[in-house]
Amino acid sequence: MSESILMGKIVSAVGIRGEVKIYSYSDDGFLKQKHIYVEKDEYKVEKARMQGNTAVLKLKNVNDRNTAETLIGKNVYIMEEDLEELPEDNYYIRDLIGCKVIDIETSEYIGEVKDVLQYTAQDQLEIKMESGKTFLVPFVKAFAKEVLIREKTIKVALIPGFIEGAIEA
């Protein structure tokens, strides 16, 4: 059975024709969707456009502002099989979280990816060690040498200061 993926939340109605504005948790993930789920109800997407970090969607059978307003505050999902195929060396955050982190030079277990923090300059892997302390590693080729999603493993090259800068989680 397919898993549902949280993609955003409806934050407002737009205009008088039933469009909804969705705060999107992905870049442009709504633009290619043919249907979405608002909580448990499935809706066909008639039109979609991005406005900055929000998506504006026209949903089938949501034809006026009053109906659109009933959806405000509800979570929006897609099904796992509707995720688009990513280009090589691009990953969904959900696939990185929980990966074992291994030192590429020593093959020693370092910890596991607890979160991926997205910054303008570069994403950062938040790694939790067995001690409970966490530290950040830039998610760039210089440090994340091998990403093996099927094996749930990321091999990293560390420099002095990464682990020494670890903080209590």
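Residue numbers count from 1 along this sequence.
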Show your working on salt bridge (Lys or Arg N to Asp or Glu O under 4.0 Å) between Glu146 and Lys141 and close with a plain yes or no. CA-CA 8 Å; Glu146 287 184 55; Lys141 282 278 187 198; over 6 Å; no
With side chain to side chain contact (heavy atoms under 4.5 Å, CB included) as the criterion, how do Ile72 and Val20 come out once you've worked through the C-alpha distance, each side chain's angles and the decisive distance to 0.1 Å? CA-CA 8 Å; Ile72 293 173; Val20 293; over 6 Å; no
Kindly determine whether Leu83 and Ile5 satisfy side chain to side chain contact (heavy atoms under 4.5 Å, CB included), including the steps that lead there. CA-CA 9 Å; Leu83 286 172; Ile5 310 297; 4.3 Å; yes
Show, in sequence, the C-alpha distance, side-chain angles and deciding distance for Asp41 and Lys74, and conclude whether the salt bridge (Lys or Arg N to Asp or Glu O under 4.0 Å) test is met. CA-CA 11 Å; Asp41 299 322; Lys74 294 186 176 182; 5.5 Å; no
Please lay out, stage by stage, how Val116 and Leu125 fare under the test side chain to side chain contact (heavy atoms under 4.5 Å, CB included). CA-CA 5 Å; Val116 179; Leu125 298 176; 4.0 Å; yes
Show your working on side chain to side chain contact (heavy atoms under 4.5 Å, CB included) between Ile102 and Ile154 and close with a plain yes or no. CA-CA 6 Å; Ile102 306 293; Ile154 300 173; over 6 Å; no
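The backbone N or O of Ala68 lies less than 3.5 Å from no partner atom in the side chain of Thr70, so there is not a single donor-acceptor pair. Looking only at distances, no side-chain donor or acceptor of Asp95 sits under 3.5 Å from a matching main-chain atom of Ile93. For Asp64 (side chain) and Asn66 (main-chain N/O), a donor-acceptor pair under 3.5 Å exists by modelled atom type.
Under 4.0 Å is where a charged nitrogen must lie from a carboxylate oxygen, and between Asp82 and Lys34 no such pair does. Ion pairing of Arg94 with Glu80 is present here, as a side-chain N (NZ or NE/NH1/NH2) and a carboxylate O approach within less than 4.0 Å. Ion pairing between a basic and an acidic side chain is recognised when a charged N comes within 4.0 Å of a carboxylate O; Arg49 and Glu19 show such pairing.
Thr67 approaches Asn61 most closely through the heavy-atom pair CG2-O, 4.3 Å.
No more than 12 heavy atoms of other residues, nucleotides or ligands lie within 6.0 Å of CD in Glu105, so this atom counts as exposed by the packing criterion. When the shell of 6.0 Å around NZ of Lys60 is examined, it contains 12 or fewer heavy atoms from other residues, nucleotides or ligands. Dense packing is recorded around OH of Tyr109, with more than 12 heavy atoms of other residues, nucleotides or ligands lying under 6.0 Å away. Summarising the local packing, CZ of Arg17 is surrounded by 12 or fewer heavy atoms from other residues, nucleotides or ligands at distances under 6.0 Å.
Contact of the Thr134 side chain with the Lys114 side chain is registered, since non-hydrogen atoms from C-beta on lie closer than 4.5 Å. Tyr91 places a side-chain heavy atom less than 4.5 Å from the side chain of Val147. Taking the side chain as every heavy atom from C-beta outward, Ile10 and Leu57 never approach each other to under 4.5 Å. Two residues are said to be in side-chain contact when any heavy atoms from C-beta on lie closer than 4.5 Å; Ile110 and Phe135 meet this criterion.
The distance from the NZ atom of Lys40 to the CG atom of Asn75 is 10.5 Å, given to the nearest 0.5 Å.
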